Structure formats: C-alpha cells, structure tokens
Amino acid sequence: MDKITLGAVNTEPGSSLNYKTGSWRTMKPVLTPENCIFCNMCWQYCPDSAIEPADPKEKKPIVIDYDYCKGCGICVQECLANKNVNLKDALAMVPEEK
Amino acid sequence: MASDELFVSGHRGCAGCGMATAVRMILQEAGPNTIVANATGCLEVMTTGYPETSWKVPWIHAAFENAGAVASGVDVALKKLGKRDGVNILAFAGDGGTFDIGFQALSGMLERGHNITYVVFDNEAYMNTGIQRCSSTPPYASTTTSPAGKVIPGKQGRKKPIANIVAAHDIAYTATATIAYHGDLKKKVRKALEVNREGKGPAFIHVFSPCPTGWRYPSEMTVELSRMAVETGIFVLWEQEGSDPRNRKISCPPKEKRKPVEEYFKLQGRFRHLLKMPDIIEQIQKEVDEKCENLMQ
Ligand SMILES: Cc1ncc(C[n+]2csc(CCOP(=O)(O)OP(=O)(O)O)c2C)c(N)n1
Ligand code: SF4
Ligand code: SF4
Ligand SMILES: [Mg+2]
C-alpha cells in the first residue's frame, strides 16, 4: 500500500497477520502433546489467538503458533492438565533460545 | 488460531493483555454479522496500525469521547439504508472513554434507545497514554498521576459505580463480567445482543480487564487476577433487566468463601505500597465485606 486510502479505509480484514509478534518472546510455552486433555482453556484465554484448538473427538491436541505467540504464559497458567495434581503437565514455559 | 477467529493474531497488545482475550470471547459470541465502533485507547491503537487491522468484522474508529455517538450513527445509517436487520452493533471503549470523557455520548446513546450493546473494557486507568488515574481507578492504586509516595498512598477517592449509573438509565439489560468466567461472559453477551435484536433498546456490559503493564504483575497472571477480583468480592458479577435493582442477579462469594483482599493486592505492583499499611488493607477489607453483605441481602 503506497498511497494512503481516503479516510484511512482498510479493505484487508485480518491483515495484522502480516506482522509476526513471535519475535517478542523471551519465554516460550512448550506442549507435551500426549498430556493434552483437550480442554482448550489455553485456546480460550490466549490474548493473541495463537493457539489452534484441540479436537476432543479426534483426540487431536492443541497447536501453538510460534509466529504470533508472545510468550505471556497464560496458557501454561490456565492449562487444566497442569492444574490437576493427578495429571501430568501438558504445557511448560522454557526460556527462548537464540 | 481457530479458522473462524474474528480477532486475529499480529496485534500489538502487550503480552498477556486481558482486554484482547475479552474481545476474542465477545466476537466469538457475536459472530461475523457484527459492526464495532471503537473509541481511542489501547484496543484501537494495538489493533489498527495502518495499513493493518486485526479485525475481521467491520470496524470504525471513534474518537476518545464518542464511541456511543458513533455507534448510534451506525445504527441510524443502517436503518436508513434498509440494512439494519440481523446486524449486531457493538460500541467498544476503555474505562477512560466510558467512565470519564465518553460518558455524555454513552448517556445519550442510552437515552435515545438505540439497539446497541456497549462494552467497557475496564483496565482501571488510561493505559494507552501511560497509566493515568481515571474515575474507574480503585482507591489506593498507584498510577502515574496518583503515585504512591510520601504525600498520598495512591489514588484518593472511590471507583465510580458505572454499571449502576448505566442501569439507572432504565435500559433493558446491564451486566458485569470478566474473562476468567468465560461462559458467564459469553452468556451475557448473548443476552445483550438478544435484547438489541428484540428491539428493547441498549445493553451494557462492564468487562473487568486485567492489564499486566498498568497493574504491574507477571503477564501469566491475567486470568488468575480476573478470577481473584471476583473471589475476593472486589469485582462483583451481576446482571439486571431494567432499572429496578431488585431484579439484579448477583453472584458474590459468601463470607466464608471470600478470599482476603490482600491476596489480590500482593500480586500487583500498583498496590505494593499497601502491604506496609495494614490499617488501609483492613479498612478496604471491611468495605468490601460490607458491600458484599449489602448486595446479598
Ligand atoms: C479528547 C482527547 N483527549 C485525550 C486523548 C488522548 N488519549 C488517547 S487514549 C487515552 C486514554 C485511554 O484510556 P482508556 O479509555 O481507559 O483506554 P485504555 O487505553 O486504558 O484501554 C487518552 C487520554 C484523546 N485521544 N482525545
Ligand atoms: S504464551 Fe500467551 S501468547 Fe503464547 S500461546 Fe500461550 S497464551 Fe498465547
Ligand atoms: S497497556 Fe494494558 S490494556 Fe494496553 S495493551 Fe498493554 S496490557 Fe493491554
Ligand atoms: Mg483504561
């Protein structure tokens, strides 16, 4: 876009996907897929829409999108597997490499 | 991201922004046939850095003070064009844009009876411009214009009871909600939009939205703080049809289940100075308990 549109009208819904916020991370959530209980709390609470939800019917765990995840840690904090002392943790924060 | 997400990644909100989570939940409930009028504030700034946008629904930028008026204009224009049916109109604004400078536009929107749902995202200060105190800022919170120090222990004065004031306009539906209770929040959004669809006039939802940057807490605690605000009785969840508070449905934790307010304060830098001021904490605890007892009568 080299010309400013009249009234700064934007005709590309969702175009912030062009901007990858993953580089903001200092810590990174990592999933242990076999421990995911498909509760989707991480998906529900992620402020960055950076989680593809689990499919309980297909027993398909969540997927974290590192292109956008900012590493806030909410998913790890709210994961129901993590909260349940009788279950193994599904999500953990680790320092970002590089 | 889910394929039908209407609030997409790539926005510039701080890591852990509670308001971003709230917006996602609201749009999940409202669906694609929705128009948003958004006041200036963090939400507008973080989602619409020209030439990009994080919105997948039609979105219009209002000034800081007039989300209510702009949303009203959208309502009237769509009616005139014969395109009003089946469209949800949402007005989104921060606490500054609602409790303070946008109050007049909001009150006018309520009085004229537009079928609009107005949502205030309350992060308890003017965050976008650097954490200035607002009439929504709770007593004793330290902000850049109510700094805790030798002169004052944070904000002096109370938090304006905005949802009560809105309900007193005799509108069809008023509610308070927060992200930790996502089912409750979505249910309230559904009811608000239903009221609009039935032509019963405006609805209002006060959404308590923790902000790691302004409240100075670790970003992973956003949802936990939203939960704790409710568990301590500091933020009370309720909904009400019409202006009669006797119709109010309140969920406030009973005394024996209520968490001490100190647990909520000690997680946040904006209240840290209070930890050395047990008298003030005791006084706040007493006020919260009294408020809850009165509400539950
Ligand atoms: C008339 C006017 N005064 C001041 C400003 C500067 N300004 C922009 S956003 C903002 C504060 C927004 O606070 P709030 O509504 O609580 O939203 P938040 O950023 O906290 O989400 C201010 C003071 C403005 N845009 N217009
Ligand atoms: S760390 Fe934060 S941004 Fe990243 S996936 Fe988890 S909730 Fe989303
Ligand atoms: S300052 Fe607070 S409300 Fe604003 S984007 Fe950051 S976390 Fe969200
Ligand atoms: Mg604010």
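Predicted, not measured: the structure shown is a model, and the values here were computed from it. Convention: sequence-line order gives letters A, B, ...; per-chain numbering from 1.
- Enclosure of atom NZ in B:K79 by more than 12 non-hydrogen atoms of other residues, nucleotides or ligands within 6.0 angstrom is indicated.
- In this structure, A:Q77 CD and B:S219 OG are separated by 10.0 Å, a value rounded to the nearest 0.5 Å.
- Closest non-hydrogen pair, B:A20 versus A:P47, comes out as CB-O, 3.3 Å.
- Among all heavy-atom pairs drawn from B:R12 and A:K70, the shortest one is C-NZ, 4.0 Å.
- At least one donor-acceptor pair closer than 3.5 Å links the side chain of A:S15 to the backbone N or O of B:T53.
- Contact detail for B:A15 and A:C72: the closest heavy-atom pair is C-CB, 3.7 Å.
- Interface residue A:L17: backbone and side-chain heavy atoms are both found under 4.5 Å from chain B.
- A donor-acceptor contact shorter than 3.5 Å is absent between the side chain of A:S49 and the backbone of B:V8.
- Contacts of A:M41 with chain B are made by side-chain atoms alone, with heavy-atom separations under 4.5 Å and no backbone atom involved.
- Only the side chain of A:T21 comes within less than 4.5 Å of a heavy atom in chain B; its backbone stays farther off.
- Salt bridge status for B:K56 with A:E12: absent, with no side-chain N to carboxylate O gap under 4.0 Å.
- Taking OG of B:S9 as the start and CG of A:N18 as the end, the distance is 12.0 Å to the nearest 0.5 Å.
- Using a distance-only test at 3.5 Å, with no hydrogens or angles considered, a donor-acceptor pair links the side chain of B:T21 to the main chain of A:Y45.
- The two residues A:S16 and B:H11 have their closest heavy-atom pair at OG-N, 4.0 Å.
- Comparing A:C46, A:C75, A:G14 by heavy-atom pairs within less than 4.5 Å of chain B, the highest count is held by A:G14.
- Heavy-atom distances place both the backbone and the side chain of A:Q44 under 4.5 Å from chain B.
- The closest side-chain donor-acceptor pair between B:Y50 and A:T5 falls under 3.5 angstrom.
- In this structure, B:R24 forms a cation-pi arrangement with A:W43, its terminal cationic atom sitting closer than 6.0 Å to the ring centre and no more than 45° off the ring axis.
- Here the straight-line distance linking atom CD of A:E52 with atom CE of B:M1 works out to 10.0 Å at 0.5 Å rounding.
- Options B:P218, B:C14, B:A180 differ in how many heavy-atom pairs under 4.5 Å they form with chain A, and the most are formed by B:A180.
- Only the side chain of B:R227 comes within contact range of chain A, judged by heavy atoms closer than 4.5 Å.
- Atom CD of B:E220 sits about 8.5 Å away from atom CE of A:M27, to the nearest 0.5 Å.
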